[in-house]
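These notes concern the structure reproduced below.
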Amino acid sequence: QALARIHASFSAQTRWLEKLVGQCDDGVDRLQGALGLALAACALPQQGQILRRAIDLLDREIRRQILPDGGHASRNPLLLADLLSDLLALEAVLEARQVALPTSIVSARQNMQTLLAMLRHKDGRLAVFHGGLEGDAAALNAVADKAAKPISFAQKSGYQRLDAGDACVLVDVGDAPRGAHSIAAHAAPLAFEMSHGGDRLIVNCGPNLVHGRDWQLAARGLAAHSTLAFDADVADPFLRQGLAAKRLGPRVKGETWDVTGRRVEDKTGIWLETSHAIFLDSHGVRHNRRFFIDAAGEDIRGEDMLLADMNHRPLEGAGFHLRFHLHPQVKASLQGGGDAVLLLTPSGHGWQFRLASSATAPLKIEESVYMGQSGIPQRCQQLSVQGRLAHGDTLIRWALRYAGRQAVRRRR
């Protein structure tokens with residue numbers, strides 16, 4: 001009798017879930033609900049009709065939310081991994097029942113695994129973009145396609161991977177997610193992360209999951225990412241006020257980002273040129289960012305240029321900061337009177353960061369926070385470059401060069 005009551009309750013809850021899934025708001029909740037409904041239907045005997053409806057709903061939502069290159073519409077790497085885990089579980093259950101998923105779902109799953117491989121650093125964990133955390137390497141291995149090689153460029157998802165030797169640079173070159181998928185998105189195009197072997201060096205701060213609204217929005221802004229941000233007068237990238245904000249939440253307003261990217265590879269290495277227009281209306285400039293990584297992965301060069309636009313009046317003298325947030329396990333020390341910094345990783349590898357610009361003050365090491373592991377702030381450091389918008393174009397050159405193995409520092 002107890003088993004019969006459990007079965008009756010489970011059946012009732014499954015039918016209730018089916019009703020709710022069709023009524024929930026657009027976004028990832030609907031996709032997760034469809035996955036849950038399909039898994040629940042698999043556990044019920046003689047419920048083939050519910051299963052067929054669940055798979056039809058799942059197929060529809062995957063077509064709407066999973067991009068052609070395998071990314072999710074939110075552009076959140078960890079969310080993609082979570083969805084992939086549920087999808088693989090469903091596929092395994094259906095295979096045991098000798099039921100095949102539609103080919104469109106299988107194809108989407110394969111694309112998701114390919115993109116997931118692209119967004120993993122050399123340590124096996126994920127890049128911290130758009131509200132995602134690093135994740136657990138073992139859990140990610142469980143959902144990965146071990147035969148899949150990381151792709152270099154995901155045009156629809158908006159990511160570039162510069163992979164050479166033991167070094168990896170991941171760059172956000174996408175526009176803002178749209179609609180409900182922008183509710184937790186970060187407003188930081190051209191932000192990047194860099195790792196070497198099992199060590200992360202340059203990171204983004206990640207999402208704040210424990211403090212209030214002000215902290216959470218600050219973590220989603222430009223200053224919390226490894227990129228350039230003006231100190232004042234920038235248009236608010238978030239929907240904060242009015243009825244729309246109450247109903248829709250703090251979505252990203254990304255209509256004016258206009259992000260571009262162009263990549264060239266040859267025997268010397270990989271070149272990437274990117275650009276966005278967030279500052280065009282407020283400061284009259286576009287932000288161009290160039291990357292180069294040599295074939296050995298030991299020489300990474302960058303240029304950040306603020307290009308004056310002929311149709312806008314540049315806000316000459318406006319202050320800005322160029323930031324490079326460091327992983328909590330990386331130790332930084334100034335060299336050469338403030339134009340160079342030695343970065344030392346936990347495994348004892350050294351990297352020298354150098355700066356060259358006539359428009360900026362000397363390089364500084366400042367405090368920062370990293371939330372990419374758990375959403376809880378950890379103390380870390382950042383390389384901070386303060387400057388002012390020059391007459392005409394403003395150019396900042398920087399470089400990261402491998403300095404060899406140093407004395408291994410003890411972990412506290």
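Just so it is clear, the values below take in all heavy atoms, side chains as well, and ignore hydrogens, waters and symmetry mates.
Shown here for P328 and C380, the closest heavy-atom pair between the two residues is CA-CB, 3.8 Å. Across all non-hydrogen atoms, the minimal contact from A224 to A218 is CB-O, 3.5 Å. Scanning all heavy atoms of the two residues, the minimum distance from L115 to L80 falls at CD2-CD2, 3.9 Å. In terms of heavy atoms, A188 sits closest to G221 at CB-O, 4.5 Å. Pairing each heavy atom of A403 with each of Q352, the nearest pair is CB-N, 4.4 Å. In terms of heavy atoms, W351 sits closest to I300 at CZ3-CD1, 4.3 Å.
In this structure the side chain of D69 never reaches within 4.5 angstrom of the side chain of F153, judged on heavy atoms. Looking at Y370 and V203, their side chains come closer than 4.5 Å, going by heavy atoms from C-beta outward. Looking at C168 and R161, their side chains come closer than 4.5 Å, going by heavy atoms from C-beta outward. P377 places a side-chain heavy atom less than 4.5 Å from the side chain of W215. With a 4.5 Å cut-off on side-chain heavy atoms, D266 and W271 count as touching. Within the 4.5 Å cutoff, no side-chain heavy atoms of V330 are placed close to those of D199. Side-chain contact between R397 and R301 is absent, with no heavy-atom pair separated by less than 4.5 Å. Side chains of L306 and L389 form a contact here, defined as non-hydrogen atoms less than 4.5 Å apart.
In this structure, the side chain of E61 does not engage the main chain of A34 through any donor-acceptor pair within 3.5 Å. Using a distance-only test at 3.5 Å, with no hydrogens or angles considered, no donor-acceptor pair links the side chain of N288 to the main chain of S275. Proximity of a side-chain donor or acceptor of R354 to a complementary backbone N or O of A399 within less than 3.5 Å is not detected.
There is a side-chain donor-acceptor pair under 3.5 Å between H325 and S368. A donor-acceptor contact under 3.5 angstrom links the side chains of N208 and H211, judged on distance only. With 3.5 Å as the limit, one finds no donor-acceptor pair spanning the side chains of D233 and S282. Under 3.5 Å, the side chains of Q382 and E367 contain no donor-acceptor pair of N or O atoms. Side-chain polar atoms of H72 and Q65 form a donor-acceptor pair below 3.5 angstrom. Of the N and O atoms on the side chains of S195 and R200, not one donor lies less than 3.5 Å from an acceptor on the other residue.
Atoms CD1 and CG, on I55 and L101 in that order, are 5.5 Å from each other to the nearest 0.5 Å. Here the CG atom belonging to L116 is positioned 10.5 Å from the CG atom belonging to D145, to the nearest 0.5 angstrom. Rounding to the nearest 0.5 Å places NE2 of H287 at 5.0 Å from CG of L228. L322 contributes atom CG, which lies 9.5 Å from atom CG of L383 (distance to the nearest 0.5 angstrom). Atom CG of N76 is separated from atom CG of L119 by 10.0 Å, given to the nearest 0.5 angstrom. Between the CD1 atom of I62 and the OG atom of S107 there is a distance of 10.5 Å, given to the nearest 0.5 Å.
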Residues E298, R401; criterion salt bridge (Lys or Arg N to Asp or Glu O under 4.0 Å); working and verdict: CA-CA 6 Å; E298 297 182 351; R401 291 189 174 90; over 6 Å; no
Step-by-step side-chain hydrogen bond (donor to acceptor under 3.5 Å, both in side chains) determination, E366 to Q381: CA-CA 6 Å; E366 298 179 347; Q381 295 175 303; over 6 Å; no
Verdict with reasoning, D231 to H321, per side-chain contact (heavy atoms from CB on, under 4.5 Å): CA-CA 7 Å; D231 300 334; H321 276 81; 2.9 Å; yes
side-chain contact (heavy atoms from CB on, under 4.5 Å) between R323 and T227, worked out: CA-CA 6 Å; R323 295 178 174 89; T227 187; over 6 Å; no
Trace of the side-chain contact (heavy atoms from CB on, under 4.5 Å) decision for F192 with F324: CA-CA 9 Å; F192 81 102; F324 301 85; 3.9 Å; yes
Evaluation steps, side-chain contact (heavy atoms from CB on, under 4.5 Å), between L201 and L326: CA-CA 6 Å; L201 282 89; L326 304 178; 5.6 Å; no
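Looking at D56 and R52, no side-chain N of the basic residue comes within less than 4.0 Å of a carboxylate O on the acidic one, giving no salt bridge. With respect to R240 and D236, a salt bridge is recorded, a charged nitrogen being found less than 4.0 Å from a carboxylate O. A salt bridge is defined here as a Lys NZ or Arg NE, NH1 or NH2 lying under 4.0 Å from an Asp or Glu carboxylate O, and D163 with K122 meets this definition.
A side chain to side chain contact (heavy atoms under 4.5 Å, CB included) with F292 is found for exactly one of L162, T268, V169, namely T268. When each of H225, R220, H130 is tested with H186 by the rule side chain to side chain donor-acceptor pair (under 3.5 Å), just one qualifies, namely H225.
Cation-pi geometry between R263 and F291 is not met at under 6.0 angstrom from the ring centre and within 45 degrees of the axis.
Ring to ring, Y402 and H349 are close: their centroids are under 6.0 angstrom apart. No close placement of the F320 and F279 rings is indicated, their centers lying 6.0 Å or farther apart.
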